[in-house]
Amino acid sequence: MSELDVQIPAAFDPFADANAEDSGAGTKDYVHIRVQQRNGRKSLTTVQGLKKEFSYNKILKDLKKEFCCNGTVVQDPELGQVIQLQGDQRKNVSTFLVQAGIVKKEHIKIHGF
């Protein structure tokens, strides 16, 4: 038998570039709008990454009144303050934030499904 030239590939980490740069959860220049599935058809929309100088409670009050849904502001140790709304309000929240002049359209990232 002759020897075969077998090259063993070096260990490849597909997530290396994602870990090298800042992960999507903690970037400061983007506002992240996510949807989380609860039980059954129920879902939860979270908004994070808004600037600290904004009053989260006033934004939440306007969002709740505009979209007829309930919501709360949650303090997260890693992410800071996060706005939670009932239902899938991703598109509504993004258009609201742009129209209110809170954030520019290119600084919004919508995640989920």
Side-chain angles (χ1 to χ4, degrees):
M1 288 178 108
S2 66
E3 291 186 33
L4 298 175
D5 289 333
V6 178
Q7 294 181 351
I8 299 174
F12 175 71
D13 186 11
F15 301 106
D17 57 346
N19 291 335
E21 62 187 38
D22 199 9
S23 66
T27 54
K28 298 293 181 192
D29 53 346
Y30 285 109
V31 174
H32 296 276
I33 302 173
R34 293 183 170 88
V35 66
Q36 297 175 351
Q37 194 68 35
R38 290 191 328 128
N39 42 357
R41 293 176 49 194
K42 308 290 183 184
S43 60
L44 188 72
T45 303
T46 59
V47 181
Q48 72 182 50
L50 291 173
K51 294 182 181 174
K52 302 270 190 248
E53 65 248 18
F54 293 123
S55 171
Y56 282 75
N57 288 326
K58 288 184 179 179
I59 293 173
L60 176 66
K61 184 178 178 182
D62 291 339
L63 287 170
K64 287 166 52 173
K65 187 171 286 225
E66 181 77 22
F67 306 132
C68 300
C69 66
N70 201 3
T72 186
V73 177
V74 176
Q75 182 65 35
D76 189 82
E78 294 177 3
L79 307 173
Q81 289 187 322
V82 178
I83 296 176
Q84 291 182 343
L85 296 170
Q86 287 183 349
D88 186 4
Q89 307 289 343
R90 289 174 293 174
K91 296 289 184 191
N92 296 336
V93 171
S94 66
T95 56
F96 177 84
L97 292 176
V98 171
Q99 287 178 352
I102 296 172
V103 71
K104 295 180 182 174
K105 187 177 176 91
E106 57 267 9
H107 294 291
I108 294 178
K109 287 202 174 199
I110 299 177
H111 305 276
F113 298 140

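The structure presented is a predicted model; accordingly, all values stated were derived computationally and were not measured. Worth knowing before you read on, the calculation uses all heavy atoms, side chains too, and leaves out hydrogens, waters and symmetry mates.
Under a 3.5 Å cut-off, the side chain of Thr46 and the backbone N or O of Gln84 do not form any donor-acceptor pair. Side-chain atoms of Ser43 never come within 3.5 Å of backbone atoms of Val35 as a donor-acceptor pair (strictly under, hydrogens ignored).
Two different hydrophobic clusters hold Leu44 and Val93 under the rule that ILVMFWY side chains link at heavy-atom gaps under 4.5 Å. Linking ILVMFWY residues whenever their side-chain heavy atoms come closer than 4.5 Å, directly or via other members, leaves Leu50 and Val74 in distinct clusters.
Between atom CZ of residue Arg90 and atom NE2 of residue His111 there is a gap of 10.5 Å, rounded to the nearest 0.5 Å. The distance from the OG1 atom of Thr45 to the CZ atom of Phe67 is 10.0 Å, given to the nearest 0.5 Å. Here the CD-CG distance, from Gln37 to Asp88, works out to 9.0 Å after rounding to the nearest 0.5 Å.
A search for side-chain contact (heavy atoms from CB on, under 4.5 Å) contacts involving Arg41 returns nothing, not counting sequence neighbours. Partners of Val73 according to the side-chain contact (heavy atoms from CB on, under 4.5 Å) rule, which considers only residues two or more places apart in sequence or in another chain, are Tyr56, Asn57, Leu60, Gln81, Ile83. Among residues two or more places apart in sequence or in another chain, the side-chain contact (heavy atoms from CB on, under 4.5 Å) test is passed with Thr95 by none. Asp76 is linked by a side-chain contact (heavy atoms from CB on, under 4.5 Å) to Glu78, Leu79, Val82, counting only residues two or more places apart in sequence or in another chain. Listed by chain and residue number, Asn92 satisfy the side chain to side chain donor-acceptor pair (under 3.5 Å) test with Gln89 (two or more places apart in sequence, or in another chain).
Closest heavy-atom contact between Cys69 and Leu85: SG-CD2, 4.0 Å.
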Less than 3.5 Å apart, which donor and acceptor atoms pair up between the side chains of residues 100-109 and the rest of the protein, not counting sequence neighbours?
unit_1, atom_1, unit_2, atom_2, d
His107, ND1, Asp29, O, 3.3

